[in-house]
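Below: the structure, in structure tokens.
Residues take their numbers from the sequence shown, with the count starting at 1.
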Amino acid sequence: MKLNCDMGESFGSWTKGMDAEVMPFIDMANIACGFHASDPLTMDHTVKMAIAENVTIGAHPGYPDLLGFGRRELECRPDELKAILVYQMAALDGICRTRGTAIQYVKPHGALYNKMMVDHTTLSVVMAAVRDYAPHCPLVVMATPEADQVRDRAREYGIEVWFEAFSDRAYNDEGRLVKRSVRGAVHDTTEAIEQQVTQIITEGCVTSMSGKRILIQADTICIHGDSYHAVDAARHMRQLVESL
């Protein structure tokens, strides 16, 4: 099981996350591409850190929403959204290439990620953007009970999908993430995170906030590097994944 983490989300003099401390414990770095967070120097610095730790680099594009950190849904025409995605993938990929590497997968951020998992048109636009710019790159999507439908759609676009589960986010009864505004939506103890990760890996399921058991199959698990216990959680998750 691969561990992935959203990274490179600082901007100018504003710092977010503990990228340097978390990087040694993950397999995949989802690096922000400048629209919801990050800037050219931050992207370059994060790419260099990932290379040094032999971590796979993925593009982490979002809506053009610096003020809202990409967590607000924006209305975009399909052609506009596709151009926004290609622009961001190309920006990070260009920086990667100056460092002798390239983006190796794509994982949308925040509101865009959530929207594509419930809106077929948005998902199709995202898949088309990946196909047209980086057809070799798998698209990271949320592991849900509807995985077969998503996989079939990806085949239509000639791309691969990797399914992702979350270590530190609560699930609702539909197998989606509970909104961050809801109390308990983010697990704040390593015990809760360990329990969820263990269940994902060993049982292929998660338990929703109401107690419903939801079957999912995940290729990678997301941890977040901007919580106060991020480093301890990342270290613990690395040990847990290797022990299971």
Distance-minimising heavy-atom pair for [X] and [Y]:
X    : Y    : value
C96  : V47  : SG-CG2, 3.9 Å
V106 : M89  : CG2-SD, 3.6 Å
V178 : N172 : CG2-N, 3.7 Å
H187 : S167 : CD2-O, 3.6 Å
S38  : M43  : OG-CG, 3.2 Å
I221 : I200 : CD1-CG2, 4.1 Å

As an exercise, state the distance from [atom1] of [X] to [atom2] of [Y], rounded to the nearest 0.5 Å.
X    : Y    : atom1 : atom2 : value
D6   : N30  : CG    : CG    : 5.0 Å
I84  : E80  : CD1   : CD    : 4.5 Å
M28  : C222 : CE    : SG    : 9.5 Å
Q88  : I31  : CD    : CD1   : 13.5 Å
T46  : I57  : OG1   : CD1   : 9.0 Å
E160 : D219 : CD    : CG    : 8.0 Å

Any non-hydrogen side-chain atom of [X] less than 4.5 Å from a side-chain atom of [Y]?
X    : Y    : answer
M7   : I26  : yes
D119 : L123 : no
Y63  : E73  : yes
I159 : P138 : no
D65  : F35  : no
M209 : Y171 : no
E9   : H60  : yes
M142 : F163 : no

Can any side-chain N or O of [X] pair as donor or acceptor with the backbone N or O of [Y] at less than 3.5 Å?
X    : Y    : answer
E194 : M237 : no
D93  : A102 : no
Q196 : R169 : yes
T198 : Q195 : no
S208 : K212 : yes

Kindly check if the number of other-residue, nucleotide or ligand heavy atoms within 6.0 Å of [atom1] ([X]) is above 12?
X    : atom1 : value
Y87  : OH    : no
K48  : NZ    : yes
H120 : NE2   : no
E75  : CD    : no

- Which class fits the ring pair H109 and H36: parallel under 30°, tilted 30 to 60°, perpendicular over 60°? parallel

- Evaluate the ring planes of H224 and F166, with Trp represented by its six-membered ring, and classify them as parallel (under 30°), tilted (30 to 60°) or perpendicular (over 60°). parallel

- Looking just at side-chain N and O atoms, do W162 and E164 make a donor-acceptor pair shorter than 3.5 Å? no

- Just do the side-chain contact (heavy atoms from CB on, under 4.5 Å) check on Y105 and T56 with the steps written out, would you? CA-CA 8 Å; Y105 65 93; T56 302; 3.8 Å; yes

Starting from [Y], can I reach [X] by hopping between I/L/V/M/F/W/Y residues whose side chains sit under 4.5 Å apart?
X    : Y    : value
L3   : V140 : no
V125 : L112 : yes
V22  : M1   : yes
L244 : I216 : yes
M18  : M49  : yes

- Task: Carefully, step by step, assess R213 and E203 under the rule side-chain contact (heavy atoms from CB on, under 4.5 Å).
- Result: CA-CA 10 Å; R213 181 182 170 94; E203 302 178 39; 2.8 Å; yes

- Which residue pairs satisfy the side chain to side chain donor-acceptor pair (under 3.5 Å) criterion with at least one member in residues 16-26, sequence neighbours excluded? K16-D226

- Item | Pair listing, side chain to side chain donor-acceptor pair (under 3.5 Å) test, anchored in residues 142-152, at least two apart | T144-E146, E146-R176, D148-R151, D152-R155

- Task: Mind running side-chain contact (heavy atoms from CB on, under 4.5 Å) on Y133 and I103 for me, showing each step along the way?
- Result: CA-CA 11 Å; Y133 180 77; I103 60 170; 4.2 Å; yes

- Task: Mind running side-chain contact (heavy atoms from CB on, under 4.5 Å) on R238 and I223 for me, showing each step along the way?
- Result: CA-CA 10 Å; R238 178 82 273 155; I223 61 177; over 6 Å; no

